[in-house]
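Comments concern the structure below.
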Amino acid sequence: MKNQPIDMILPWVDGNDPDWREERNKYDSEYAISDVRYQSWDNLQYVFRGIEKYMPWIHKVFLVTWGHIPEWLNTSCDKLAVVKHSDYIPEKYLPTFNSNVIEMNYFRIRDLSENYILFNDDLFPVQPIPEKYYFRDGLPCEEAVETHFILKAEKGMDLQMNYACVNNMVLINRHFDKREVIRENHSKWFDPIYGKRLEQNKNLQFWHNFESFVYPHEAMPMKKSVLAKIWEKEPEVLDKASQNRFRSYSDITQRLVTIWQICSGEFVPHKYQGKLFLIDKNNFKEAADAIRNQAYPIISLNESNTEDFETIKKEIRRALEEILPEKSGFEL
């Protein structure tokens, strides 16, 4: 069975937009929001170049923004749709500066295909990636690997996201019986493709409830109807979470969608091959070399601190330019 069209959603924030900053600051006094989250790497064009070159089968890219548009973006590109938050998020939840709210309302985007990939502006395709990496016969490819939930309380840590992960699992255990899920999907649960991580499923199979799942920091395949179904099942929880302008302890995250797909049994066992770099002054050259050598299908770049940021930024940009020097159709 051939896959349906597969769209991609790419959320983006221009943290340097003075109008956006002014609006954020109207609500910012009550929250300890770090500007690091909005720090610009100025390399979004390489994300688009990687998508066009290495994922040409993508039907359409939906760039989701507060309203700002990169000056170099070709908005006339047939494979591009620019979507403002106000185009799909209900007015009562706006304005929002909470990525969880932005992502958990994606099913409201009118022209979005049933099958879509949730991308991010810190993900760079650097090898050819076939569509079967994400969808096979219309089903999302997932790593159904259980794990323990580790509670951390390090100074400065984003504790709201810890709580959000717990909130996700509360909903999963409310709607799925673990023993029944494993019994009905035994071959998917213990597929050898998971490698060494398969031991985690073996060790945790006797627990009565799901605690957590491994979360690859990659682009994730999702079905629009699943997100809509979650809203139908838990409207009060999702409504409350969507009222959080900034990240909060009552948030629900997009990871709930992929876990719901796993527990429903509507997935294909898969092992993701990408690489996450938490970049700092000690490892940025290693990350740049991985890009130049195209060592992984997809590379994720997260900054762990702002020290020597400009030096790191220039080195990463040079590496991306070496492998993706030509403009894409998404650029003017």
Side-chain angles (χ1 to χ4, degrees), residues 8 10-16 34-58 61 63 70 72-73 99 117-134 141 143 145 147 154 156-158 193-197 214-221 270-331:
M8 177 182 289
L10 177 56
W12 177 68
V13 174
D14 180 3
N16 295 317
S34 171
D35 282 338
V36 173
R37 184 171 300 156
Y38 308 109
Q39 193 164 235
S40 176
W41 284 77
D42 296 327
N43 55 18
L44 182 64
Q45 62 268 47
Y46 297 105
V47 177
F48 278 105
R49 291 180 190 183
I51 292 169
E52 181 176 87
K53 184 173 182 178
Y54 297 121
M55 304 172 70
W57 43 267
I58 288 293
V61 177
L63 181 67
W72 48 262
L73 190 68
S99 61
I117 298 168
L118 178 52
F119 220 68
N120 214 325
D121 62 359
D122 63 359
L123 295 173
F124 299 88
V126 295
Q127 288 181 11
I129 304 176
E131 62 180 89
K132 67 180 181 180
Y133 188 81
Y134 295 105
C141 299
E143 283 195 48
V145 178
T147 187
E154 298 172 3
M157 187 175 181
D158 192 347
I193 197 171
Y194 304 139
K196 293 181 180 180
R197 284 179 169 174
V214 167
Y215 186 12
H217 195 88
E218 288 201 34
M220 303 302 294
H270 177 69
K271 184 173 178 60
Y272 287 96
Q273 304 294 326
K275 175 70 173 179
L276 166 65
F277 286 95
L278 296 174
I279 297 184
D280 57 28
K281 65 178 182 178
N282 298 313
N283 71 352
F284 73 96
K285 290 186 177 180
E286 178 187 353
D289 286 342
I291 294 170
R292 291 188 177 94
N293 296 328
Q294 298 172 273
Y296 308 92
I298 193 164
I299 291 176
S300 176
L301 305 176
N302 274 201
E303 68 270 27
S304 59
N305 59 60
T306 58
E307 189 176 359
D308 294 333
F309 176 71
E310 288 302 319
T311 299
I312 295 172
K313 173 179 170 179
K314 290 177 182 178
E315 181 65 19
I316 295 298
R317 187 182 177 95
R318 278 195 293 267
L320 290 167
E321 180 66 24
E322 286 182 27
I323 66 167
L324 295 166
E326 299 179 0
K327 284 186 178 182
S328 70
F330 296 99
E331 298 173 69

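What you see is a predicted model, and the numbers here were worked out from it, not measured in a lab. All residue numbers refer to positions in the sequence shown, counting from 1.
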Can you tell me how far the [atom1] atom of [X] sits from the [atom2] atom of [Y], to the nearest 0.5 Å?
X: Ile58; Y: Glu52; atom1: CD1; atom2: CD; result: 12.0 Å
X: Thr311; Y: Phe284; atom1: OG1; atom2: CZ; result: 6.5 Å
X: Ile323; Y: Arg318; atom1: CD1; atom2: CZ; result: 15.0 Å
X: Ile298; Y: Phe124; atom1: CD1; atom2: CZ; result: 9.5 Å
X: Asn120; Y: His217; atom1: CG; atom2: NE2; result: 6.5 Å
X: Phe119; Y: Met220; atom1: CZ; atom2: CE; result: 12.5 Å

* Electrostatic pair Lys281-Glu315, nearest N-O below 4.0 angstrom -> no
* Asked: Using 4.0 Å as the upper bound for N to carboxylate O, is an ion pair formed by Glu321 and Lys314?
  ->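 No, no charged N to carboxylate O under 4.0 Å.
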Just by modelled atom types, is the [Y] backbone N or O under 3.5 Å from a matching donor or acceptor in the [X] side chain?
X: Gln294; Y: Gln127; value: no
X: Glu331; Y: Ser328; value: yes
X: Asn293; Y: Ala295; value: no
X: Arg317; Y: Asp42; value: yes
X: Asp14; Y: Pro70; value: no

* Asked: Going by atom types alone, do Glu218 and Tyr133 pair a side-chain donor with an acceptor below 3.5 Å?
  ->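 Tyr133 and Glu218 do have a side-chain donor-acceptor pair below 3.5 Å.
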If we only count heavy atoms from C-beta on, is the [X] to [Y] side-chain gap below 4.5 Å?
X: Leu324; Y: Tyr54; value: yes
X: Glu286; Y: Asp289; value: no
X: Ile279; Y: Phe309; value: no
X: Pro11; Y: Leu118; value: yes

* Taking all atoms of both residues into account, what is the closest heavy-atom pair of Ile129 and Pro297, and its distance? -> CD1-O, 3.6 Å
* With a 6.0 Å cut-off on ring centres, are Phe330 and Trp72 close enough? ->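 No - the distance between ring centres of Phe330 and Trp72 does not fall below the 6.0 Å cut-off.
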* Out of Ile117, Val61, Leu123, which one pairs with Ile51 under the side chain to side chain contact (heavy atoms under 4.5 Å, CB included) rule? ->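 Answer after filtering Ile117, Val61, Leu123: Val61.
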